[in-house]
Amino acid sequence: MNLEFSPEEIAFREEVRAFIEENYPEELKGFGSREDLTRDQFLAWHKVLGKKGWSAPAWPEKYGGTGWTSTQRYIWSEENARVDAMMPLPFGVSMVGPVIYTFGDDEQKARYLPKILSGEEWWCQGYSEPGAGSDLASLKTTAVRDGDHYVINGQKTWTTLAQHADWGFFLCRTDPDAKKPQEGISFILVDMTTPGIEVRPIITIDGGHEVNEVWLTNVRVPVENRVGEENQGWTYAKFLLAHERSGIAGVARSKRGIERLRNIASTEVLDGEPLINDDSFARKISQLEIDLTALEFTELRTLARESEGKGPGPESSILKVKGTEIQQRLTELTLEAVGTYGAPDYRGFPEDGSNEFPIGPDYAHHSAPTYFNFRKTSIYGGSNEIQRNIITKMILGL
Amino acid sequence: MDFNFTEEQTMIRDSLARLIREQYDFETRMGVVNSESGWRPEMWAQFAELGLFMAPFSEDDGGLGGGPIDAMVVMEEFGKGLVVEPFVPSVVCGGGFLKHAGSAAQKEEHLQAIMGGASTFAFAYAEPRGRYNLADLETTAKKDGAGYVLNGHKAVVIGAPWADKLIVTARTGGDRRDAGGISVFIVDKDADGVTTRDYPTVDGRRASEVYLENVSVGADALIGGEGEGLPLIEQVVDEAIAATCAEAVGAMGVAHQMTVEYSRQRKQFGTPIGKFQVLQHRMVDMFMEHEQSISMTYMATLKLGEDEVERKKAASAAKVRIGQSGRFVGQESIQIHGGMGMTEELAVGHYFKRLTMIDSEFGNVDHHMRRYTQLSATDLKAAAE
């Protein structure tokens, strides 16, 4: 056991740091992982990485992964967090990509994977429905076979950034008579320009348009767009969720967030002193940082197990629960740190083209909306209560 | 980066686990804890025979070439078995001082004896009014010819009733709480002027109040430089913290397992209580606390060799997290066991008691939160300059 980086790993860190410094898009600097970027902004870094062959480090090399070790991947995410990089969105790279290369046929792999890697095609996730949230298996959207097509009818919701999506992966019921709700579901890839699809925005409490309703009315999709076996979609859906969870800890980003929080607390003033000198506030930051350290080493242990060929298992649920708790606490403390300047609503000020928000310090502008927005993290990807159910069943065996 | 154990470490773990399973079951342990001496010297000798006491020391020092990871492996197993014998006081602390600062002669005399199990050390650092501040010392050591004369009162010295040697921290100069002027001595427990009041602790161990009254020691009793002891003490205490965290990890894991098992057996309202989601989620939280504690123990252990600030922050972070996790896991173990958890006859309560006491060893959550916060402020200032 040791924490040392080998000379190769140190050289690797220098290489990726130099690459990021030279190539990270100028226009994105300082934006972080904001939700209100344009499509081109979201994709800018992804496209650079696609050209370099670095957009999906976790994929097997034969499908376009980098072949990096878990330590290299750790270094990679640390270096990206240093510049607060807008990383490739998870829907293609972390979600549908692994499902396609694991369960898809050769034609599907050839058709979809390259464009996921390059950032040319944008994916969205058609899982949740108005009546199927945590109880995902109760979904009602149907896909009925009609010759060599499926005809899809139903409604999906909470579909993140579907307004930009070229493709969606949808869970649909293909056997309404199956004995258990988990049976009779298929995993189908849908071209979002197909007639019968309507994307309607949902405005969330932070004022942003990030999620959508997706209405599907007699949407005809070729049967060859089904991944894997008919009625076996639940297996692929669960596989995808485990993959999604393993990247969800967000350790490097939270570290950067704590650094930013410390800077804010060093700038804000309480009784003529920097806020960070206030013992009770400083200890809140300490607690957060300590909890993050615990998460970081839990993730490193998980990655080490994975690099021995054990895929992400139910323990990735810990990363999801703890990772999101920390992200939420970070946004909460950041809002607390900015004090009253958390109140002005930046959306209430007219765009004057200068990109300057007129009220209060820069770091305060997004603190409240970000805090509001991050309440989602313990709800999405299988709510944290669902994660606890998974651990109960898979690890405690109760 | 590597999170694998070496073959030797795995071997130590397996053979120690077997020994504890075969000879340290709960009933046997309770018999020993309630016996007059409170420990088993013959068990201690068996631990020595396994090579546990040699494992963490370099081959140059006559050890097996391991380090803190080996101590971590040992202490996790000790934690699982609620072993009372004093590995941390004698091997991690006593051996640690000698390893870092002992002269060749001191190592020859004392470290060999520790590694062979012939000599047992206890670490007399705390004082009645010092709380967790390692520098807050009223014990004095006055120069007397070539040697020193020690006076003072050391509090709750764990394992002292079983020890033949004490490591004593004392002031050779400076004012109370000064960082400078602290020295570290090896004192024979049967030296003239040393008296002890021995007593059991609430978690099944034995400790002493140690009174030093004009205790004369030679120059060869001093470990490290005179007046320069604090950095050494902090290093050794951080190592003791890492080892104690490993013990907590072992104890937490067992308490959690016992609780899950109990929830499977115990029926109320016609169903095993483990079927109730409110209890399931709490047991998941216990599981997560345990996992995070494993991670923190690895982290603190692996960072013991790093620069001072990094090492101290790591040790304090681990001690905070483990103090909090240990409390949570301990309390919830009792709660989910219900009335049975309150009984002396069930093992789970003894795990709870040990976990409770671990928090106050080498500084509790508040102490280490404060230390961590102060060190972070130092970091921030350094970065600004």
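Within every chain, numbering begins at 1; the chains are lettered A, B, ... in the order of the sequence lines, protein sequences first and strands thereafter. In this text, all values refer to a predicted model and were calculated from it rather than measured experimentally.
Using a 4.5 Å cut-off between heavy atoms, B/Phe5 touches chain A through its side chain atoms alone. Contact of A/Asn389 with chain B is made through backbone and side chain together, with heavy-atom distances under 4.5 Å. Looking at A/Leu300, both its backbone and its side chain come within 4.5 Å of chain B, counting heavy atoms on both sides. Heavy-atom distances place the side chain of A/Ile276, and not its backbone, under 4.5 Å from chain B. For A/Ser6, no part lies near chain B; criterion is any non-hydrogen pair under 4.5 Å. Heavy atoms of A/Ala304 lying under 4.5 Å from chain B belong exclusively to its side chain.
By number of non-hydrogen pairs under 4.5 angstrom with chain B, the leading residue of A/Arg283, A/Glu4, A/Glu9 is A/Arg283. Across A/Gly397, A/Ala294, A/Ser266, the residue that shares the most heavy-atom pairs under 4.5 angstrom with chain B is A/Ala294. For the set A/Thr71, A/Ile318, A/Leu295, the entry with the most heavy-atom pairs within less than 4.5 Å of chain B is A/Ile318. Per-residue counts of heavy-atom pairs under 4.5 Å with chain B were compared for A/Ile391, A/Thr69, A/Ile285; the largest is that of A/Ile391.
Within 6.0 Å of CG on B/Asp307 lie more than 12 heavy atoms contributed by other residues, nucleotides or ligands. Within a 6.0 Å sphere centred on CZ of B/Arg327, other residues, nucleotides and ligands contribute 12 heavy atoms or fewer. The neighbour count for B/Gln335 CD, taken as heavy atoms of other residues, nucleotides or ligands under 6.0 Å away, does not exceed 12.
The aromatic rings of A/Trp54 and A/Phe12 sit tilted relative to each other, their planes meeting at an angle between 30° and 60°.
Between B/Arg311 and B/Glu308 there is no salt bridge, since no side-chain nitrogen of the basic residue lies less than 4.0 Å from a carboxylate oxygen of the acidic one. The pair B/Glu239-B/Lys99 counts as a salt bridge, with a side-chain nitrogen and a carboxylate oxygen less than 4.0 angstrom apart. In this structure, B/Glu77 pairs ionically with B/Lys80, as a charged nitrogen and a carboxylate oxygen lie closer than 4.0 Å. A/Arg17 has no carboxylate O lying under 4.0 Å from a charged side-chain N of A/Glu14, or vice versa, which leaves the two without a salt bridge.
Taking 4.5 Å as the heavy-atom cut-off, the residues of residues 254-265 of chain B that approach chain A are B/His256, B/Val260, B/Ser263, B/Arg264, ordered by number. Contacts between residues 277-298 of chain B and chain A, defined by a heavy-atom separation under 4.5 Å, are made by B/Gln277, B/Gln280, B/His281, B/Met283, B/Val284, B/Asp285, B/Phe287, B/Met288, B/Glu289, B/Glu291, B/Gln292, B/Ile294, B/Ser295, B/Met296, B/Tyr298.
The closest side-chain donor-acceptor pair between A/Asp291 and A/Gln287 falls under 3.5 angstrom. Checked by atom type, the side-chain pair A/Tyr341/A/Glu268 shows no donor-acceptor distance below 3.5 Å. B/Asn4 and B/Asp2 are linked by a side-chain donor-acceptor pair at a separation below 3.5 angstrom, with hydrogens and angles left out of the test.
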Subject >> Stepwise salt bridge (charged side-chain N to carboxylate O under 4.0 Å, His left out) check, A/Arg256 with A/Glu259 >> reply: CA-CA 5 Å; A/Arg256 173 80 189 97; A/Glu259 212 177 291; 3.5 Å; yes
**OP:** Begin from the C-alpha positions of A/Leu3 and B/Lys303 and carry the test side chain to side chain contact (heavy atoms under 4.5 Å, CB included) through to its verdict.
**Re:** CA-CA 8 Å; A/Leu3 295 176; B/Lys303 289 192 171 185; 3.8 Å; yes
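The only option from A/Arg262, A/Lys255, A/Lys284 that meets the side chain to side chain contact (heavy atoms under 4.5 Å, CB included) definition with A/Glu289 turns out to be A/Arg262.
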